[in-house]
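As the structure is a prediction and not an experimental result, all values here were calculated from the model. These values consider heavy atoms only, across backbone and side chains, with no hydrogens, waters or symmetry-generated copies.
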Amino acid sequence: MTAVLALGLAGPALPSDAPPPPLPDLTLDPSATIVMGVSSGGYMATQLAVAYPELFQGLAVFAAGPWGCAQGELNRALGQCMSTLRGLPERDALQARLSDYRTQGLVGQARALSGQRVYLWHGSADTTVEPALGEMLAEQYRDWLTAPESQLKVVRQADAGHGWPVDASVLSDSAEFVDCREGGTPYLLDCGLDGAGEALGWLYAEDGEESVKGESGEEETPLTTPTTPPPERLFTFDQSAFDDDLAEQGYLYVPQACESGRTCSLVVALHGCSMNAAAIGEAFMRDTSLNQWADTLGLVVLYPQATTSLANPLGCWDWWGYEESLWQPQPQHDSRAGKQLAGLVKMVRQLLDLPDGAASDS
């Protein structure tokens with residue numbers, strides 16, 4: 001472990017006006033990286049997984065719809081990708097967009113995409129992103145995966161609203177959550193389901209079995225009584241070097257074992273609209289149970305942070321083209337040309353110690 005980690009993360013608290021430190025040097029396995037997200041973060045997670053399937057071997061999406069849905073149009077995002085007032089998106093049009101990107105080298109090759117493992121969750125009572133849109137994402141992956149019956153898990157939870165499902169009984173007393181059906185801030189839904197644990201158990205399973213291996217190498221069942229991680233394991237880092245339109249700082253959860261030289265895996269977790277630190281504090285970074293799983297399974301969790309702007313007042317991730325729409329008639333936000341997507345990939349590559357262009361199509 002380098003001095004960057006020892007001084008930047010484990011050192012004494014920085015003054016409140018000091019800039020956040022850079023990302024640390026860690027020993028991470030580049031062949032076991034997954035991305036997950038909720039709502040706008042779910043849309044962005046899928047964009048990352050499709051653009052760079054060689055980089056992201058697994059994907060988990062909570063409460064979001066199909067890849068490419070908005071096609072660079074805010075009105076379409078509102079009327080076809082959240083509600084369905086304009087009807088469902090046309091699957092053929094979305095596939096044509098993907099094929100066009102592929103001929104331009106703006107997304108990963110079909111062969112790499114076909115090997116991903118995927119977990120999709122949607123609440124049947126979601127009135128923010130219609131459940132039918134989540135099913136469209138499942139249909140896309142059924143077409144894309146080599147063996148969807150063993151690579152894809154789709155969960156439709158009855159009477160669940162819009163957000164990320166949690167099991168309140170295994171969270172700390174200070175955790176923030178809301179009624180499963182009603183939803184609302186902070187969009188962590190007490191649904192009696194540990195969404196993080198379910199997703200990680202599926203994505204890190206082997207040969208289609210829903211079990212995971214802990215530090216000892218023995219198979220373990222999903223966590224039911226996770227311990228509360230020590231709060232000092234959640235660190236901030238400087239995001240300005242990756243995309244100057246993101247929040248100044250992001251968050252990184254680093255288990256003690258991963259800081260001490262153990263080879264760990266990377267999980268990228270993307271918040272939804274009105275779920276960044278500016279809106280709900282550290283609730284998303286602390287109360288999903290991702291960190292409890294990280295301690296048990298040897299996972300480093302990256303929590304990038306979007307920020308608000310005139311074009312993005314709720315601090316959403318760019319799944320409809322707001323970063324490109326002011327200067328690009330047909331935004332390519334959902335491809336490797338997307339500014340925000342590229343910034344997130346730079347973070348991941350730096351943590352994995354991969355040069356620019358590594359883990360891309362060959």
Trp164 and Phe284 aromatic centres sub-6.0 Å: yes
Nearest atoms (heavy-atom pairs only) where Arg97 meets Gly72: NH2-N, 4.2 Å
Interatomic distance, Thr33 atom OG1 to Leu299 atom CG [nearest 0.5 angstrom]: 10.5 Å
Qualifying residue for side-chain contact (heavy atoms from CB on, under 4.5 Å) with Tyr119, from Val155, Val61, Leu59, Leu152: Val155
Other residues, nucleotides, ligands: >12 heavy atoms within 6.0 Å of Glu182 CD: no
Spacing of CE belonging to Met347 relative to CG belonging to Leu266, to within rounding of 0.5 Å: 11.5 Å
Leu48 side chain near Leu341 side chain, heavy-atom distance below 4.5 Å: yes
Donor-acceptor under 3.5 Å (Tyr322 side chain, Cys316 main chain): yes
Approximate separation, where rounding is to 0.5 Å, of Met136 CE and Gln80 CD: 9.0 Å
Pairwise side-chain contact, Thr185 with Ser274, heavy-atom cut-off 4.5 Å (strictly under): no
Polar side chain donor-acceptor pair, Tyr101 to Asp334, under 3.5 angstrom: yes
Flag, side chain of Arg349 to backbone of Leu55, donor-acceptor distance under 3.5 Å: no
Arg336 and Glu54 ion-paired at < 4.0 Å: yes
Option among Leu351, Leu234, Thr236 that satisfies the side-chain contact (heavy atoms from CB on, under 4.5 Å) test with Leu252: Leu351
Heavy-atom side-chain contact between Met285 and Tyr253 under 4.5 Å: no
Full working for side chain to side chain donor-acceptor pair (under 3.5 Å) between Asp243 and Gln239: CA-CA 7 Å; Asp243 183 349; Gln239 289 191 146; over 6 Å; no
Interatomic spacing from CD in Gln57 to OH in Tyr204 - rounded to 0.5 Å: 8.5 Å
Heavy-atom pair of closest approach, residues Val178 and Pro186: CG1-CD, 3.8 Å
Considering all heavy atoms, the nearest Gly123-Pro131 contact: O-CG, 3.4 Å
Aromatic ring pairing Phe62/Trp121, orientation class (parallel under 30°, perpendicular over 60°, tilted between): tilted
Asp295 vs Gln292 side-chain heavy atoms within contact, under 4.5 Å: no
cation_pi(Arg117, Trp202) dist<6.0 Å, angle<=45: yes
Exceeds 12 heavy-atom contacts within 6.0 angstrom, atom CG of Asp179: yes
Spatial distance of atom CD (Gln104) from atom OG (Ser335) [nearest 0.5 Å]: 8.0 Å
Min side-chain heavy-atom separation Tyr43-Cys69 under 4.5 Å: yes
Where Gly298 and Cys264 come nearest, the two heavy atoms and their spacing: O-CB, 3.1 Å
Side-chain donor/acceptor of Gln151 to backbone N/O of Ser114, under 3.5 Å: yes
Close side-chain approach of Asn312 to Glu323, heavy-atom, < 4.5 Å: no
Closest non-hydrogen atom pair between Asp126 and Ala63, with its separation: OD2-CB, 3.7 Å
Parallel, tilted or perpendicular: rings of His271 and Trp317 (30°, 60°): tilted
Side chain Asp190, main chain Phe177, donor-acceptor under 3.5 Å: no
Exam field: side chain Thr308 to backbone Gly315, donor-acceptor pair closer than 3.5 Å: no
Glu259 CD to Leu26 CG distance, which is reported to the nearest 0.5 Å: 8.0 Å
Ring geometry between Trp144 and Tyr141 (parallel below 30°, tilted from 30 to 60°, perpendicular above 60°): perpendicular
Least distance between heavy atoms, Ala132 atom then Leu88 atom: CB-CD2, 4.0 Å
Check: His122 side chain, Val129 main-chain N or O, donor-acceptor pair, under 3.5 Å: yes
Gln350 and Phe237, any side-chain heavy atoms less than 4.5 Å apart: no
Enclosure of Glu282 CD (heavy-atom neighbours >12, cutoff 6.0 Å): yes
Any donor-acceptor N/O pair, Gln140 side chain to Trp67 backbone, under 3.5 Å: yes
Note, Asn291 side chain near Arg233 side chain (heavy atom, < 4.5 Å): no
Over 12 foreign heavy atoms within 6.0 Å of CZ, Arg111: no
Any donor-acceptor N/O pair, Thr307 side chain to Asp245 backbone, under 3.5 Å: no
